[in-house]
Amino acid sequence: MGMVDERVFRARRLPVEIFRALAESVVRQAVMDLHHDVYREDARRFFDGRSFDAYCGILGWNSRRARANLQARLDGLMYRDPGDLIRHPAVPTR
């Protein structure tokens with residue numbers, strides 16, 4: 001960065017809450033991307049990579065625990081027992 005850029009950066013220090021909100025937004029979008037075939041591989045690379053570790057650091061999360069929780073939730077959504085599905089009352093069950 002040049003001299004002018006550094007002075008502007010120092011003058012505009014942003015509260016950490018802004019970075020946390022941005023980090024939460026990025027993680028939330030990556031979770032959504034896991035549900036779309038087009039973006040799934042990129043999202044998986046994000047969660048497996050060092051960037052996710054950095055975002056967890058910003059958020060104060062343990063990255064290993066966050067990955068385990070994410071995997072458990074995704075497994076629960078993708079491999080749900082059909083008996084657990086809520087049925088509409090008008091649809092007869094067999």
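These numbers come from the heavy atoms of this one structure, side chains and all, not from hydrogens, waters or symmetry mates. We're numbering straight along the sequence, starting at 1.
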query = How many angstroms lie between atom OG of Ser63 and atom CZ of Phe47, to the nearest 0.5 angstrom?
reply = 12.0 Å
remark   = Joining Ile, Leu, Val, Met, Phe, Trp and Tyr whenever any side-chain heavy atoms lie under 4.5 Å apart, the cluster holding Val38 also takes in Tyr39
Residues forming a salt bridge (Lys or Arg N to Asp or Glu O under 4.0 Å) with Arg67, sequence neighbours excluded = Asp53
query = Which residues pass the ring-ring contact (aromatic ring centres under 6.0 Å, His included) test with Tyr55, sequence neighbours left out?
reply = Phe46
key: Interatomic spacing from CG in Leu59 to CZ in Phe19 - rounded to 0.5 Å   = 12.5 Å
message = Tell me whether Arg40 contacts the main-chain N or O of Leu34 through its side chain, where contact means a donor paired with an acceptor under 3.5 Å.
response = yes
Acceptor/donor pairs from residues 23-33 side chains to any protein atom, 3.5 angstrom cut, sequence neighbours excluded:
unit_1: Gln29; atom_1: NE2; unit_2: Asp33; atom_2: OD1; d: 2.8

key: Contacts of Gln71 that satisfy side-chain contact (heavy atoms from CB on, under 4.5 Å) - sequence neighbours left out   = Asp75
Which residues share a salt bridge (Lys or Arg N to Asp or Glu O under 4.0 Å) with Asp48, sequence neighbours left out = none
